Amino acid sequence: MPRLPAAAPADPKPSGFVIAKYDGSRYWMVVDPEGKLVCVTVYKRGAVEVVRRLAA
């Protein structure tokens with residue numbers, strides 16, 4: 001499992017989900033409030049949509 005970035009998340013959400021780059025690659029990961037990996041997407045837009053649907 002990837003480690004969370006030390007820097008601020010790319011797109012913080014009030015729901016607690018974190019969107020961040022996946023270990024220096026071109027992929028984006030979505031992490032839940034407990035720190036568990038939810039999914040990996042190719043585009044940030046996809047990660048934002050995942051968080052939007054999970055938070056709804």
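Reckoned from all heavy atoms, side chains included, excluding hydrogens, waters and symmetry mates. Keep in mind it's a predicted model, so treat the numbers as computed, not measured.
Residues V42 and Y27 have side chains in contact (heavy-atom distance under 4.5 Å, counting atoms from C-beta outward).
Taking a cutoff of 4.0 Å between a charged side-chain nitrogen and a carboxylate oxygen, R45 and E49 do not qualify as a salt bridge.
With D32 as reference, V38 is the one residue of V38, V18, L37 to meet the side chain to side chain contact (heavy atoms under 4.5 Å, CB included) rule.
The heavy-atom pair separating G46 from T41 by the smallest distance is C-CG2, 4.0 Å. Across Y43 and W28, no two heavy atoms sit closer than the pair C-CD1, 3.6 Å.
Rounding to the nearest 0.5 Å places CE of M29 at 11.0 Å from NZ of K21.
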